[in-house]
Structures are given as structure tokens and as C-alpha cells.
Amino acid sequence: MTVVQAAGVRKHLGGREIVRGLDLELGQGRAFALLGPNGAGKTTTVRLLTGLLQPDAGQVSLFGQSVTPQSTDALRQRIGVQTDTNVYENLSVQDNLRLWGDFYGMSRTAANARIGALLDGFGLSQRAASLAGELSKGMRQKIAVARALLHEPELLFLDEPTAGLDPEASEELIGQLQELIAATGTTLILCTHQLHGLEALCQDVGILAGGLLVASGAVADLVAERWPGSALHLEVAREDSEAAAGVLEATPGVTSRASAADRGHFAVQSEDLATQDRLVASLTAAGVRVRGLHPQQYGMRDLYFAVLDEHRATQTEEVAR
Amino acid sequence: MNGQRLWALIRKDWKELARNSQALAPMVIVPLIFCVIMPIVVLTLGQNPEVASQIQGMAAFLQALPEGILPAGATEQQQMVYAVVVYFFAPFFLLIPLMVASVIGSSSFVGEKERRTIEGLLYTPLTDRELVLGKILAALVPSVAVSWLAFVVYAVIVNSVGGPLFGGLFFPTPTWLLMMLVLVPLMGFLGVSLIVAVSQRAKTMQSAQGSAVFLVLPIVALVISQSTGAVLFGTPVVALMSLLVAIADLVIFLLVVRHFGRERILTRL
């Protein structure tokens with residue numbers, strides 16, 4: 001079942017086009033990482049997808065239902081959102097969560113049971129009666145995430161959920177989200193700059209740059225598309241760098257890129273194992289001292305930087321023209 | 001309209017209000033001045049004809065009162081106390097709900113904006129109507145409660161200080177009961193609705209409260225009209241005002257709900 005669908009969504013704010021033709025489709029139980037640098041349009045995208053902002057053009061649907069001013073009240077019941085906003089600092093941790101339980105129509109018994117489980121999970125049980133304002137930033141962040149999870153939403157939006165959390169707490173949160181998705185089939189849209197640990201959680205990724213979704217799809221598919229064949233990391237003696245570059249260029253079925261930072265290091269793509277064998281033989285024959293040839297694993301982080309680099313290069317070319 | 005959500009929002013605002021000394025202070029100080037300090041001073045001084053004659057404007061106020069509104073056969077001293085207690089102070093009791101509501105109401109949307117809590121609220125299933133009504137009631141109920149409490153205190157004080165002069169209880173009059181039970185809540189609702197409307201657009205609580213000052217001006221004009229005898233706060237005036245304010249309440253509430261926009265609130269953060 002398609003949970004989130006956006007087609008040709010555009011939005012201007014303050015005379016600037018913040019979102020420029022967003023197309024997106026996300027199925028139930030998928031975890032989607034919405035990545036992008038500051039000002040790329042991530043927060044506006046979340047606001048558009050949740051109906052808080054109305055698009056200037058295009059259409060958004062959630063759970064197969066068009067998002068309109070008339071439908072959003074009911075749709076919001078099925079979603080949970082954590083954004084870069086504060087919790088109520090003059091209320092206790094428990095009161096902050098109970099308030100959300102009431103907003104989502106939970107009975108006091110159900111809300112208390114769920115609050116107890118969430119506070120246990122986030123290590124906040126001992127602070128349930130403390131005022132939120134007395135807690136650290138990381139703890140307040142956990143309350144904000146717990147608030148979004150409280151009513152077990154079918155669709156969950158998290159905006160920088162690990163901001164302010166220490167590495168251990170970040171990993172714990174990612175683990176908890178993984179468990180939640182596995183157990184309940186919740187669909188997740190996660191906006192972040194922090195790429196570490198995301199691959200364990202998100203199968204799908206969208207990369208926003210300047211309001212454009214410049215890449216979107218399953219991480220594995222996008223990586224395979226960008227770096228087809230076997231990806232290798234070749235290291236040769238520094239003095240043999242130029243000779244190696246010549247061999248790499250001359251070997252059929254091989255594409256390569258020298259590392260700008262480390263002389264003697266190359267990112268190599270080869271079509272198959274036979275090509276790799278030919279490459280090693282050619283390097284040896286040319287007297288290149290090979291220090292290592294290892295399989296290179298590309299992931300979300302590599303994809304993110306490669307896509308952004310490519311986008312910036314395209315933009316620069318367009319400006320030059 | 002979902003009662004659970006509405007009540008949760010109101011309760012939340014009250015819990016926050018109870019921990020906000022900056023908002024609580026005007027709720028105590030304003031009624032204290034209007035209902036305790038000023039009446040005691042005026043009534044104490046007013047019972048002394050020599051001192052009363054020295055109070056500027058008081059003679060003009062008494063002379064401007066229409067015939068037949070003061071108790072028949074009352075002495076000059078009784079007339080003065082009665083006129084001050086029953087007519088002179090009446091408009092001040094319309095200022096109390098407005099001023100208290102402006103303090104609480106200003107912190108409704110705009111306070112949530114300043115504390116960066118509003119966006120979380122906008123993502124919940126609260127409807128626009130629930131959000132607006134919840135914010136209005138959260139400010140209105142305390143402002144009316146404070147006004148009524150001030151009224152009870154005022155009644156005790158004026159009867160205690162002025163009672164011996166009249167030989168017993170002489171306050172409240174039916175006009176005052178009409179004003180407190182009908183006009184004060186309606187006036188409070190009007191003030192809060194307008195402040196909530198302003199709060200949607202204002203970026204800071206100071207600017208919202210600055211706009212709220214303009215709401216108080218018509219009441220100040222009423223105080224002045226009253227003291228010059230141009231408008232007397234009798235039953236017909238209170239009844240007419242109640243009717244007009246009730247119509248204004250309905251129109252403004254519908255307009256506030258209609259023009260309430262989550263997008264406008266978010267993009268003006």
C-alpha cells in the first residue's frame with residue numbers, strides 16, 4: 001500500500017521557490033531518509049507532506065487520501081511528527097506525554113501504559129515527574145521523539161531525531177526505531193544531516209538540494225546505478241601513481257578516479273572478476289608496485305556526497321552558460 | 001469538536017499559567033488596585049464632605065448625574081458614596097477581564113511561538129476550531145473568574161465601609177448583577193478573541209500586548225464618559241452593550257476561526 005505520494009509539488013515562501021517539483025512515493029513499512037544540506041527544503045517538505053502548508057502546485061496524498069484543508073485533521077490522527085520544536089518546559093515529562101495522549105484520543109490507562117514503556121525505553125523513567133525544562137537538551141529531544149511515537153502512528157516523521165543525543169543514545173534510538181518498524185509496519189520519513197547509522201534503519205533515500213529531489217529510491221538501487229560492477233579500492237606505491245593511472249586508463253572495462261587527497265589511491269570500477277584479473281596482470285607487467293586491492297563498499301554517505309557534488313557541478317555549469 | 005482534546009489544551013495552558021509569575025502578577029495587581037485600594041480610598045475620603053469637595057471632578061460627576069437615579073431622600077454624603085460605588089466604578093470592572101485576558105491571551109499563540117512549541121501543537125489532530133476555542137477559553141475563564149472574585153471583594157468592601165452610612169447592605173444593584181453575569185463574560189470573550197487574532201500575526205508577546213492596549217481604549221473612553229456624565233452606566237446601557245458585544249463576539253469568533261491559518265502561523269514564526 002502506498003502511504004505517501006507526492007506529485008509535482010511546488011512551494012514558494014517569501015518570494016523564493018523552496019520546493020521545486022517534488023515527486024515521491026513511499027510504501028507501507030518503508031523507512032525513508034530525506035537528506036540534504038541546510039536550506040535544501042527538508043522541513044518545508046515535511047510541512048507540505050503533513051498538510052501544514054498547502055502546495056502552490058501539485059498534489060500530496062497520504063494513505064491514498066488527498067491532503068486538503070478538509071482532510072488534514074483526520075489524517076493527522078494517523079501520523080506522528082517530531083520536529084525541531086520545544087516540548088513544554090513548564091510541564092513535567094509525564095504531563096508533556098499525557099497531553100499528547102489526550103490530543104490523540106488515548107484513554108488514560110492506555111496512555112499511562114504506553115508512557116511507562118516509552119520512558120523505560122528512553123531511560124527517562126526516573127525523571128517522569130521532573131519539569132521538562134530541568135532536563136538536558138538530549139533528554140528533551142527524547143521526550144519530543146517519545147511524543148511522536150506515543151499513539152503508535154502509521155506514519156512517522158522525524159526531523160533530526162538524534163540531534164543533541166550522545167552517540168550511545170543515538171544508536172539506541174535508531175535501534176528502537178528499527179524495532180518499531182519491524183513490529184508495527186510503521187512508515188518512517190527521517191530528515192537528517194547525520195548520516196552515521198542510517199543505513200541500518202532506512203532502505204530508501206531522497207536527497208534534496210536547492211528544493212529539488214535530485215535522487216530518490218532504494219539505497220541499494222541508487223548505489224548500484226551510480227557505481228555499477230565491482231567497486232574496488234586500489235593502492236599503489238606513491239612513485240608509481242602515474243604509471244598506474246596509465247594502466248587503469250588503458251584497461252578495457254575499467255573506470256577509475258584518482259584520490260585527490262591521497263597520491264597512490266584510486267577508486268576503481270570493473271565490469272567483472274575477469275577484468276580485475278586482467279587489471280592486476282597489467283599493473284604488475286608495467287612494474288607498478290601494488291600495495292592493495294580491496295572491494296569498496298559504497299553506502300548512503302558516499303551516495304549523498306556524490307549526488308550533491310554532481311548537483312553542484314551541474315549548477316555551476318548552468319550558471320557559466 | 002472533541003471535548004478531550006479541547007479540555008487537554010485548556011488544562012495545559014492553565015498549568016503553564018500557574019507556573020508563570022510574570023502572567024500571574026497583573027492578574028492580582030490590577031483587581032487589587034481597582035477593587036480594593038481605589039474603593040477604600042474614595043469611600044474613606046468621600047465620607048468626609050470637606051475632603052470630598054476638594055476631589056477634582058467629583059462635584060462635576062455628581063452634578064452631571066440625571067435626576068432620580070440616586071436613592072430618594074438620601075443625604076449629600078449618601079448620594080456621593082452611592083454614585084461612586086454604583087456608577088463611577090462600574091466601567092473599571094470591564095477593564096479587569098480585558099486586561100487579564102490580554103495578558104493570558106497574548107501568551108496563547110504568540111507565547112507558544114516565542115517558546116517554539118507551536119509547531120508541535122499544529123501537527124496534532126486538534127482542529128482549527130478546537131485550537132482557537134481552547135485558547136480563548138483558557139484565557140477567558142481565568143479572566144472572568146478574577147473579575148467575579150474582584151466583584152465579591154468589592155461588594156464586601158463597599159458594604160463594610162459604606163454600609164453603616166445606609167444602615168445595611170446596599171450593594172450590588174440589579175444593574176451590577178447584569179453587568180457581572182452577562183456583560184463581563186461577553187466583554188472578556190471579545191477581548192480574548194481579538195487578542196488571539198492578533199497573536200496569530202504578532203511575532204512577540206510584547207507586540208501582541210501592544211496591540212491589546214487598543215482594545216482597552218474604548219473602555220477607558222467609557223470611564224471618561226461616565227465621569228463626565230455623558231454616558232451613565234445604568235441598566236439600559238448595560239443591556240444594550242451586552243447585546244452589541246454578544247453580536248460582536250459571534251462575528252469576531254467566526255472570523256477568527258475562518259481566517260485562522262496554520263500556514264500563516266508557521267511562516268510568521
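Values below: every heavy atom of this structure, side chains too, minus hydrogens, waters and symmetry copies.
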Q: Taking side chain as everything from C-beta outward and backbone as N, CA, C, O, which of these in B:Leu6 sits under 4.5 Å from a heavy atom of chain A? Side chain, backbone, both or neither.
A: neither
Q: Suppose a student defines contact as a heavy atom less than 4.5 Å from any heavy atom of chain B. Which residues in residues 136-155 of chain A would they list?
A: A:Arg147
Q: Identify whether the distance between the nearest side-chain nitrogen and carboxylate oxygen of A:Asp102 and B:Arg11 falls below 4.0 Å.
A: yes
Q: Determine the option with the most heavy-atom pairs under 4.5 angstrom with chain A, choosing from B:Arg116, B:Glu130, B:Arg5.
A: B:Arg116
Q: Measure from the side-chain N and O atoms of B:Gln4 to the backbone N and O of A:Met106, and report whether any donor-acceptor pair falls under 3.5 Å.
A: yes
Q: Would you say CZ of B:Arg258 has more than 12 non-hydrogen atoms from neighbouring residues, nucleotides or ligands within 6.0 angstrom?
A: no
Q: Closest approach of B:Arg19 and A:Leu91, non-hydrogen atoms and distance?
A: NH1-CA, 4.1 Å
Q: Where does A:Leu13 contact chain B at under 4.5 Å (heavy atoms): side chain, backbone, both or neither?
A: side chain
Q: Quick check: under 4.5 Å, non-hydrogen atoms only, which of residues 60-90 of chain A neighbour chain B?
A: A:Asp73, A:Arg76, A:Gln77, A:Val81, A:Thr83, A:Asp84, A:Thr85, A:Asn86, A:Val87, A:Tyr88, A:Asn90
Q: More than 12 non-hydrogen atoms from neighbouring residues, nucleotides or ligands closer than 6.0 Å to CZ on A:Arg10, yes or no?
A: yes
Q: With a 4.5 Å heavy-atom cut-off, do B:Glu119 and A:Arg47 have their side chains touching?
A: yes
Q: Just verifying a value: how many Å separate A:Trp100 CH2 and B:Leu121 CG, rounded to the nearest 0.5 Å?
A: 5.5 Å
Q: Could you pull out the closest heavy-atom pair between A:Tyr104 and B:Tyr123, with the gap in Å?
A: OH-O, 3.6 Å
Q: Any idea which of B:Leu122, B:Thr127, B:Asp128, B:Thr117 has the most non-hydrogen atom pairs under 4.5 angstrom with chain A?
A: B:Thr117
